[in-house]
4 protein chains.
Amino acid sequence: MTPKRGFASDNNAGVHPLIFKAMADANSGHCKGYGDDDYTRLAIDKFKQLFGNNTEVFFTLTGTGANVLGLNTLGTSINSIICADTAHINVDECGAPEKFTGMKLLAIKTPDGKLTPDLIRPYLHGFGFEHHAQPKIISITQPTELGTVYTVNEVKELSAMARQYNLYLHMDGARISNAAATLNLNFKAFTVDAGVDVLSFGGTKNGMMYGEAVLVFNPSLSPLFKYFRKQAMQLASKMRYIGAQFNAFFTDDLWRQNAQHANKMAQLLATKVKTIKGVTITQKVEANGVFAIVPHAVIAPLQNAYFFYMWDENRNEVRWMCSFDTTEDDIEHFAKLLTQLTQQHV
Amino acid sequence: MTPKRGFASDNNAGVHPLIFKAMADANSGHCKGYGDDDYTRLAIDKFKQLFGNNTEVFFTLTGTGANVLGLNTLGTSINSIICADTAHINVDECGAPEKFTGMKLLAIKTPDGKLTPDLIRPYLHGFGFEHHAQPKIISITQPTELGTVYTVNEVKELSAMARQYNLYLHMDGARISNAAATLNLNFKAFTVDAGVDVLSFGGTKNGMMYGEAVLVFNPSLSPLFKYFRKQAMQLASKMRYIGAQFNAFFTDDLWRQNAQHANKMAQLLATKVKTIKGVTITQKVEANGVFAIVPHAVIAPLQNAYFFYMWDENRNEVRWMCSFDTTEDDIEHFAKLLTQLTQQHV
Amino acid sequence: MTPKRGFASDNNAGVHPLIFKAMADANSGHCKGYGDDDYTRLAIDKFKQLFGNNTEVFFTLTGTGANVLGLNTLGTSINSIICADTAHINVDECGAPEKFTGMKLLAIKTPDGKLTPDLIRPYLHGFGFEHHAQPKIISITQPTELGTVYTVNEVKELSAMARQYNLYLHMDGARISNAAATLNLNFKAFTVDAGVDVLSFGGTKNGMMYGEAVLVFNPSLSPLFKYFRKQAMQLASKMRYIGAQFNAFFTDDLWRQNAQHANKMAQLLATKVKTIKGVTITQKVEANGVFAIVPHAVIAPLQNAYFFYMWDENRNEVRWMCSFDTTEDDIEHFAKLLTQLTQQHV
Amino acid sequence: MTPKRGFASDNNAGVHPLIFKAMADANSGHCKGYGDDDYTRLAIDKFKQLFGNNTEVFFTLTGTGANVLGLNTLGTSINSIICADTAHINVDECGAPEKFTGMKLLAIKTPDGKLTPDLIRPYLHGFGFEHHAQPKIISITQPTELGTVYTVNEVKELSAMARQYNLYLHMDGARISNAAATLNLNFKAFTVDAGVDVLSFGGTKNGMMYGEAVLVFNPSLSPLFKYFRKQAMQLASKMRYIGAQFNAFFTDDLWRQNAQHANKMAQLLATKVKTIKGVTITQKVEANGVFAIVPHAVIAPLQNAYFFYMWDENRNEVRWMCSFDTTEDDIEHFAKLLTQLTQQHV
């Protein structure tokens with residue numbers, strides 16, 4: 001088995017060696033299950049150091065699990081969730097939010113994956129009218145599914161709007177490390193300090209094997225969270241291995257090194273391909289993803305050599321994701337092949 | 001961090017070294033996510049070799065996830081599920097089956113955790129009457145939550161009853177390896193060949209880190225399973241690591257060695273403690289668990305030295321689980337301490 | 001169409017003429033929909049007069065709707081509901097409570113349909129343990145599905161237990177008028193004053209066409225109720241006709257006259273049949289239902305002449321319900337036929 | 001109580017006298033509950049005569065209940081429903097479809113409330129991809145919530161697209177009589193004969209007190225419908241009164257007379273107001289609703305005299321609905337007042 005390399009997703013990479021080592025180190029003796037162990041406690045402490053002592057921390061198994069449980073703690077079935085129509089919760093979770101929470105999603109078209117107060121405002125009506133699902137949550141993704149990054153001010157504008165209308169602000173941070181690296185900020189500055197109420201904190205796409213965290217910044221919101229986590233099938237029995245991974249993730253800012261590297265590779269990739277004839281970069285490259293329109297004829301042969309996904313088949317738009325283990329050589333060879341293919345096929 | 005040892009659950013043990021090594025070996029290069037990788041494909045093949053080519057195999061993250069998805073594929077919200085009142089799906093999953101499937105659970109008291117046709121029969125009525133949730137599934141646990149094991153004939157009697165009433169038979173096999181070791185049979189003999197329709201196959205409690213499988217023995221039952229798995233938040237992105245674990249699990253019958261050892265330790269434990277004054281074994285020891293009534297006064301000091309759970313506080317009944325890494329020394333020391341405590345406190 | 005008469009259910013009777021007249025009187029001009037009309041407001045006022053000004057009143061379309069919404073306002077999907085195994089919510093609502101609320105039902109066997117603290121106590125454990133659905137509601141039916149009636153003290157004992165364990169007490173009062181008539185009390189005495197938190201108040205089985213009410217005795221419990229009612233498809237658009245019915249129902253204590261009559265007919269029926277050879281009354285006749293074991297051979301011919309349901313086929317137990325329009329003649333003829341049939345067939 | 005008249009909704013009208021009389025006529029003697037009565041059977045027969053013998057007919061209590069149960073029979077929680085963003089199921093049912101069915105709604109902006117193949121096509125992707133909710137149903141409203149009516153050909157184009165993509169076509173016919181009157185066709189021509197799979201047939205908005213029907217045109221789709229209806233709390237116990245209403249509704253084409261009258265009144269209203277200065281009709285008046293932009297200053301005083309709803313507050317757009325009992329005098333006086341108000345206030 002010698003898998004080829006690719007740009008399909010940052011979850012196509014394996015586990016960072018230091019994280020894998022931490023799991024191995026945790027693999028001795030007995031630990032109580034379900035989080036009552038020292039590895040988990042230490043990881044929770046690290047989160048509290050980063051996000052503040054009022055932060056409630058709950059580990060989950062998948063990013064969808066983190067999103068669904070985070071949203072669930074902010075509303076109930078008669079509520080609605082405002083999100084971009086490109087949001088992972090809207091298009092990539094097979095209806096899991098609707099199924100578990102019963103809430104309605106109000107999906108808004110955006111040019112770049114980012115919600116703004118102006119885009120949201122038309123959806124803020126019907127409050128108190130029992131025929132309408134009641135808007136309760138604004139959910140944003142940081143960085144967005146289109147590889148763009150909200151500035152601190154943009155997040156603050158959304159949280160101000162949320163406060164004004166008695167809504168909560170949820171952030172899907174499946175790739176939050178990449179946003180932190182781009183903004184060159186600590187996590188706190190553009191989450192809890194910017195008014196985010198609940199954050200899905202992703203580990204898997206930045207070098208972990210599995211394991212995400214839901215951070216609830218107001219403990220009064222989460223008294224029943226642990227029960228919902230169990231009911232949502234997101235409670236790991238051998239939790240110590242998630243704790244161990246996060247411990248390594250936060251040690252010596254490994255998370256930041258990984259994310260900076262992935263972001264840098266995306267910049268390199270964009271630089272290399274944007275001058276190729278017939279290739280157009282379609283979104284700002286602010287994190288670790290590159291979106292581009294390419295000649296239709298090159299897609300099949302390129303996919304034969306590298307994994308990656310179509311983003312919009314109608315306009316030949318593709319998505320290339322870089323990860324902590326993408327190398328300059330990967331980029332070099334990929335760009336070279338793409339150049340050749342465009343010359344041959346176009 | 002030097003965790004103490006215990007008998008709380010077989011998931012308090014870590015990961016078997018050979019399984020851990022398989023994960024390490026899989027940790028290089030890129031793989032497509034969500035199961036489209038060679039490790040996963042190989043593991044699925046191994047399951048098909050063990051259970052027959054008609055078997056559909058779906059990996060999940062947790063045992064609860066496996067049970068809920070397995071049940072979900074056999075009925076819909078207007079149905080009911082017949083189970084023992086001690087069943088994990090009834091008492092240890094925080095209502096996850098009701099929440100996800102909408103089905104009603106009909107929980108039946110049993111002396112030993114085992115359902116029988118006579119116990120079930122009174123619940124088989126109201127068919128066609130729209131006011132009643134329609135019975136559709138008999139769910140059994142093998143071995144049971146009380147450490148007893150169904151014989152092949154007992155399973156066949158239940159599947160015959162299921163066929164007669166147009167029901168399905170679901171088996172929760174969170175510890176199925178222990179049952180196979182006890183029965184000294186291959187898995188197939190007491191599952192698909194005995195009329196089981198859907199099996200939750202457990203890995204975590206027998207030396208894996210995480211990962212279970214749902215086996216559907218009639219492919220016509222599972223056309224939508226993959227969507228429900230995603231919706232249930234049970235689809236692992238870096239699936240290769242589950243595949244790699246199962247590959248090691250089945251190599252050289254590691255699963256059987258692990259299970260035989262745990263079962264043997266439970267026998268040893270039972271033998272050691274049953275002669276202690278004030279200690280009464282309450283269930284047949286047929287797998288890797290020992291249930292016993294002990295003097296109330298010894299429980300707290302014993303729990304201070306070893307992890308374990310109360311089973312029935314009203315009658316001072318405790319549960320001791322052995323695992324693949326339980327040692328004869330563990331048993332020896334534990335029995336010794338229990339002897340001392342009973343002498344001191346009773 | 002000349003329907004035969006029967007004892008199948010009190011909902012086999014039609015609508016009381018005074019109630020029908022009130023609907024006719026309301027049938028002129030325009031009213032705002034969904035409850036914003038004077039008929040509805042007047043009916044709500046009448047409920048408040050009977051149950052206290054703190055009572056929140058919500059009309060629903062069906063008894064199942066009232067039960068589900070009442071339970072829903074007291075718990076969430078991670079909770080469990082303690083009820084008798086004969087409870088309507090457990091056996092006659094096709095799983096509607098599980099489906100809408102996600103909660104687990106803990107069904108307890110009882111001799112007479114009544115829960116007691118002793119029967120409930122064994123189910124009160126696992127609080128704070130995330131693997132267990134958390135008990136949150138005790139639900140009782142008054143009168144019970146077996147025609148027995150809780151005394152005020154019995155209700156108070158249950159509400160005291162509920163308070164002690166931080167649970168709520170829900171009462172399914174589909175036939176509450178019959179209980180009030182039996183106890184010779186006003187409604188308040190054995191509901192809100194006895195510690196009931198939420199009451200399903202039934203109209204349909206006591207002379208109305210359709211329409212029930214959920215009474216919430218603590219307004220802090222119901223801020224979202226109106227949204228859940230709409231979401232549960234229980235919000236009537238032309239609500240005035242429900243309001244009009246309840247107005248007539250409460251005028252000149254029509255409800256009590258209807259209920260007293262039905263109860264009296266049940267007493268008469270019991271008196272007439274209990275001396276018939278082979279007939280055994282199986283439950284105390286405290287409301288408008290009579291439960292009896294009869295010779296198997298008479299059931300079919302008796303059902304040919306009168307509607308009624310089998311209660312327990314295994315022991316030839318039947319249920320006969322009396323309604324506001326049951327006549328002494330009905331009873332006379334029925335008892336006569338039963339006497340003849342037992343003489344012929346037994 | 002002398003309620004004022006208005007144009008808020010066709011459900012602000014009462015019950016047509018002939019329908020009320022039919023209920024009164026049914027109010028004698030005993031009938032079995034839940035639909036096992038001659039009134040219900042006769043009504044079902046009438047539906048079969050109108051829609052064909054293969055039609056399965058299920059009565060429900062509310063229009064939301066009809067929609068939710070109709071959609072539920074066509075898909076499961078992993079599916080999505082394509083609808084106009086103005087659809088009742090999307091904006092006026094407080095998330096009931098999501099809650100009961102678990103399905104995702106894909107809401108599409110339209111100029112006039114009508115879906116077209118071109119509007120739908122961009123949403124038809126991701127088939128077979130487990131991350132995406134799978135499109136399964138196109139749901140249209142006839143007439144639309146904007147008072148426009150699909151032609152037979154427009155329905156056929158949508159059903160052809162549905163067939164092509166293995167989807168079903170659902171029609172919300174809350175005001176279907178008004179569409180039939182407009183099209184001057186029998187119901188069958190633009191429903192089952194045009195490829196509709198499931199129809200919500202409305203009675204309440206055209207002169208009934210309560211009661212709707214779900215018509216399933218392919219019996220293989222509805223084997224579990226009766227259970228879901230009970231579970232959805234939509235099964236009326238005294239069903240005879242719904243049957244009786246529909247019997248009168250269909251006798252001598254009462255439904256058509258009512259609908260024709262309401263439509264005619266809407267035409268009259270539109271004619272009267274469209275010449276008033278500052279008033280602009282915003283949608284074609286094809287059924288019984290008129291949508292108009294009016295000067296902001298007149299809205300409050302007009303609402304003080306007549307019930308009606310704002311449709312779009314941002315642009316002062318209002319909705320005026322006519323019903324079977326709207327009179328020419330009503331229109332005359334309303335138009336007169338509107339004229340006066342515009343002269344005074346603008």
Side-chain angles (χ1 to χ4, degrees), chain A residues 32-37 40 56-61 65 68-69 71-81 96-104 125-137 166 214 221-239, chain C residues 32-37 40 56-61 65 68-69 71-81 96-104 125-137 166 214 221-239:
Chain A
K32 280 195 197 166
Y34 307 109
D36 187 8
D37 69 86
T40 301
E56 295 282 318
V57 183
F58 301 94
F59 296 140
T60 66
L61 289 156
V68 167
L69 284 164
L71 294 167
N72 183 68
T73 213
L74 295 174
T76 185
S77 66
I78 58 99
N79 291 126
S80 60
I81 302 165
E98 285 94 338
K99 170 78 171 185
F100 190 82
T101 74
M103 287 191 262
K104 172 184 282 295
H125 57 80
F127 292 101
F129 188 53
E130 71 212 85
H131 300 261
H132 289 8
Q134 298 290 297
K136 194 70 194 172
I137 305 171
N166 199 25
V214 181
L221 291 169
S222 56
L224 300 180
F225 196 105
K226 68 175 185 173
Y227 303 104
F228 282 116
R229 178 173 60 176
K230 175 63 191 174
Q231 192 176 49
M233 310 169 256
Q234 288 295 306
L235 179 61
S237 58
K238 297 184 177 178
M239 187 83 89
Chain C
K32 279 196 199 167
Y34 308 110
D36 187 7
D37 69 86
T40 301
E56 295 282 318
V57 183
F58 302 94
F59 296 140
T60 66
L61 289 157
V68 167
L69 284 165
L71 295 167
N72 184 68
T73 212
L74 295 173
T76 186
S77 66
I78 60 96
N79 291 126
S80 60
I81 302 165
E98 285 95 338
K99 171 77 172 186
F100 190 82
T101 74
M103 286 191 262
K104 172 183 281 297
H125 57 78
F127 293 101
F129 189 54
E130 73 212 86
H131 300 261
H132 288 9
Q134 299 289 298
K136 194 71 193 170
I137 306 171
N166 198 25
V214 181
L221 291 168
S222 56
L224 299 181
F225 195 105
K226 68 173 183 172
Y227 304 104
F228 283 117
R229 177 173 60 176
K230 174 64 191 174
Q231 192 176 50
M233 308 169 259
Q234 288 294 307
L235 179 61
S237 57
K238 297 186 176 176
M239 186 83 91

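Below, chains carry the letters A, B, ... as their sequence lines are ordered, and counting in each starts from 1. Values in this document were obtained by computation on a predicted structure and should not be read as measured data.
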Straight-line distance of Tyr34(A) OH to Glu130(C) CD, nearest 0.5 Å: 9.0 Å
Set of residues satisfying salt bridge (Lys or Arg N to Asp or Glu O under 4.0 Å) with respect to Lys226(A), sequence neighbours excluded: none
What part of Ser77(C) lies closer than 4.5 angstrom to a heavy atom of chain A: side chain, backbone, both or neither? both
Determine whether Ile78(A) and Lys230(C) make a side-chain contact, defined as any pair of heavy atoms from C-beta on separated by less than 4.5 Å. no
Looking only at non-hydrogen atoms, find the nearest pair between Tyr227(C) and His132(A) and report the distance. CD2-O, 4.4 Å
Residue set satisfying side chain to side chain donor-acceptor pair (under 3.5 Å) with Asp37(A), at least two apart, ordered chain then number -> Thr40(A)
